Undergrad: 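Let me begin by handing over the structure; questions about it come next.
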Amino acid sequence: MYKTLFTICLFLLFGNLFAQEDIVVGKTYDIYSESLTQQIKLQVYLPNAYDEVEEDYPTLYILDGQWFFTNGVTIQESLRGDRFMPKMIVVGINMVDRPYRSKLFNQWDNLIAFIESELVPFVNESFRASDQRIVFGWENSGFLASELVLRENSPFDCAIASNGAYINEDLLGSLELQEERFFFIGGSKKDIYSISDTDEAAEVLASSDLENLNWKYQLFNEEVHESLTYTSLYHGLKFFYHNYSSLVFSSMDEFYDKGGMPYLRQYFKERGGRFGFSTEIDASTKNSLIWLAWKRDKFESFDLFMTEFEDVLSTRRYANAYWQNRLAQFYLKYGSYDKAISFFNRGIEAYSEEEYTAEMHAGRGLAYHGKGNKKLAKSNLKKSVEIASSQDDPRLKEYQEQLKRVRN
């Protein structure tokens, strides 16, 4: 009996360990197309918070979804923690055995009619889709995506074409775009099958004077035919959402080369107008610039940002002794004693993190000494020595030396 029970327990244990669970990405739908006279299979991914938040989402349409639907979903999932691009509905269109793969493209017009007149209305009626739409195509589907975005009454704001694009010069000659559209072409010299098509498409665009078309041709020459698709889709989305995120600079030189504060204000004005955000410089950019100037030891820029972005200093991020001390110490380093004292005062009076108390009293003492107030300098440095002694602070000797110099 005991052996039987033991065997059952082992079975249950290892049965649970090796149990398999299917990983499902999105849902599948079958819609009948009058234009193509057949059923079309769709894969649809909805953002994680779709059922919790009443919000309309941009839609990313992926031609040949049977291969590349998960590429779009992966980009969504991997970037969901950042304001790099918005959460999107991803729609994959299964195009296996589609007649468009023949050189004659003998159902080209029917495919366009299906996408514009049947697919987009179906998505709009079935899901909370906004008016912002992007279409991605690969190889011959890249040709299709090219035309979809370059039609006068196209429902798409952007097309991303990888491993192939085609621009009809006659179409461009008569085309008038009333609103801005985006077109991204990704290619690689190692993609010997389609590089001539993408080169030719870029040449046609370069020689045209079409207004309101924002386009880019980018080569990823480390990629081959099979690996180019994900790279093109990712960079195409970055291109379309180029001014969606907060701004991050690598150096103060980059900040000033781009135009400094006027550039910053213009960027957020355009960003707000395009995406419905506030037109004010956001807190993330303000914080990163303050941090950058401090890390790069650029005091004039630091002081500029501390003045321009004074509002952000009252946010939760700076509500601690750690940040008050850090800001004060930088002002102290460059002899801006009044501002240093102001931050030291706030850190000492408003926050109780003991590990910074001795350092802040010492800093405030040195700031007063710089101002010529020997009395307050000595009292603060004496206090820092007392606190450091009680906490077994490794900087105790340093504070004692500072107090000795002030007394002499």
Side-chain angles (χ1 to χ4, degrees), residues 27-45 57-69 72 88-179 181-185 197 201 204 210 212-213 215 233 236 240:
K27 293 183 179 180
T28 59
Y29 298 83
D30 289 307
I31 64 172
Y32 182 78
S33 169
E34 297 287 348
S35 302
L36 297 170
T37 63
Q38 72 175 80
Q39 291 286 121
I40 302 295
K41 186 178 292 293
L42 306 177
Q43 296 165 273
V44 179
Y45 160 90
Y57 297 92
T59 309
L60 172 61
Y61 290 82
I62 297 185
L63 307 177
D64 289 311
Q66 72 277 5
W67 295 317
F68 308 121
F69 171 72
M88 286 182 272
I89 296 169
V90 182
V91 177
I93 303 99
N94 188 319
M95 301 179 78
V96 171
D97 298 328
R98 294 273 6 105
Y100 82 99
R101 293 198 175 283
S102 72
K103 289 293 183 183
L104 299 176
F105 297 99
N106 56 1
Q107 285 205 2
W108 185 269
D109 291 339
N110 292 340
L111 276 164
I112 289 177
F114 161 66
I115 292 168
E116 291 185 341
S117 304
E118 297 175 325
L119 176 59
V120 171
F122 169 79
V123 172
N124 289 346
E125 291 167 9
S126 304
F127 310 102
R128 294 198 311 275
S130 72
D131 293 334
Q132 194 173 87
R133 304 179 192 95
I134 305 163
V135 60
F136 169 79
W138 168 81
E139 278 194 348
N140 292 337
S141 289
F143 292 12
L144 186 59
S146 304
E147 179 160 337
L148 282 168
V149 82
L150 293 175
R151 291 167 62 82
E152 198 153 307
N153 296 312
S154 171
F156 295 99
D157 303 280
C158 174
I160 302 169
S162 178
N163 304 74
Y166 174 73
I167 309 296
N168 187 313
E169 293 187 34
D170 295 333
L171 174 64
L172 285 185
S174 60
L175 183 62
E176 291 185 9
L177 300 180
Q178 301 304 314
E179 296 181 352
R181 292 188 198 163
F182 293 79
F183 186 24
F184 181 89
I185 304 171
D197 293 323
V204 173
L210 183 62
N212 291 326
L213 181 65
W215 67 278
L233 178 56
F240 181 65

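Numbers here are sequence positions counted from 1. Note that the structure is predicted; figures quoted are calculated from it, not measured.
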Undergrad: Angle class for the Phe143/Tyr166 ring planes (parallel below 30°, perpendicular above 60°, tilted otherwise)?
TA: tilted
Undergrad: Rounded at 0.5 Å granularity, tell me how far CG in Leu63 sits from CG in Leu148.
TA: 7.0 Å
Undergrad: With no hydrogens and no angle check, is any side-chain donor or acceptor of Ser146 less than 3.5 Å from a backbone partner on Gly142?
TA: yes
Undergrad: In the structure I gave you, are the side-chain heavy atoms of Arg133 and Asn124 within less than 4.5 Å of one another anywhere?
TA: yes
Undergrad: If I take atom CZ from residue Phe68 and atom CZ from residue Phe136, how far apart are they, to the nearest 0.5 angstrom?
TA: 6.0 Å
Undergrad: Please list, chain by chain and in numerical order, all residues satisfying ring pair (Phe, Tyr, Trp, His ring centres under 6.0 Å) with Tyr61, sequence neighbours excluded.
TA: Phe156
Undergrad: Is the backbone of Ile89 close enough, under 3.5 Å, to the side chain of Thr59 for a donor and an acceptor to pair up by distance?
TA: no
Undergrad: Does the side chain of Ile31 reach to within under 4.5 Å of the side chain of Phe114, using non-hydrogen atoms?
TA: yes
Undergrad: Flag the pair Glu118 / Leu36 as yes when at least one side-chain heavy-atom distance between them is below 4.5 Å, and no otherwise.
TA: no
Undergrad: Minimum heavy-atom separation for Leu175 to Arg151, with atom names?
TA: CD1-C, 4.0 Å
Undergrad: Would you indicate whether the side-chain heavy atoms of Ile115 and Val135 approach each other to under 4.5 Å?
TA: no
Undergrad: Is there side-chain contact between Asp64 and Glu139, with at least one heavy-atom pair below 4.5 Å?
TA: no
Undergrad: Looking at Ser141 and Met95, what are the two nearest heavy atoms and their distance?
TA: OG-SD, 4.2 Å
Undergrad: Which heavy atom in Gln43 sits nearest to a heavy atom in Gly65, and how many Å separate them?
TA: OE1-O, 3.1 Å
Undergrad: So for atom CD, which belongs to Glu152, do other residues, nucleotides or ligands contribute more than 12 heavy atoms lying within a distance under 6.0 Å?
TA: yes
Undergrad: Is there a side-chain contact between Leu150 and Leu213 (heavy atoms, below 4.5 Å)?
TA: yes
Undergrad: To check you understand the geometry: which heavy-atom pair defines the closest contact between Gln39 and Tyr32, and what is its length?
TA: OE1-CB, 3.0 Å
Undergrad: With a 4.5 Å limit on heavy-atom distance, are the side chains of Leu210 and Trp215 in contact?
TA: no
Undergrad: Does any part of the side chain of Asp157, heavy atoms only, come nearer than 4.5 Å to the side chain of Phe240, both counted from C-beta?
TA: yes
Undergrad: For the CD1 atom of Ile93 and the CG atom of Leu42, what is their distance to the nearest 0.5 Å?
TA: 6.5 Å
Undergrad: Could you state the interatomic distance from CH2 (Trp138) to CG (Leu144), rounded to the nearest 0.5 Å?
TA: 14.0 Å
Undergrad: Can you name the closest pair of heavy atoms from Ala201 and Ile185 and give their distance?
TA: CB-CD1, 4.1 Å
Undergrad: Looking at CG of Leu119 and CD1 of Ile112, how far apart are the two atoms once the value is rounded to the nearest 0.5 Å?
TA: 13.0 Å
Undergrad: Starting at CG of Leu172, measure out to CG of Leu177 and round the result to the nearest 0.5 Å.
TA: 9.0 Å
Undergrad: Of all the heavy-atom pairs spanning Val123 and Ala129, show the shortest one and how long it is.
TA: CG1-CB, 4.2 Å
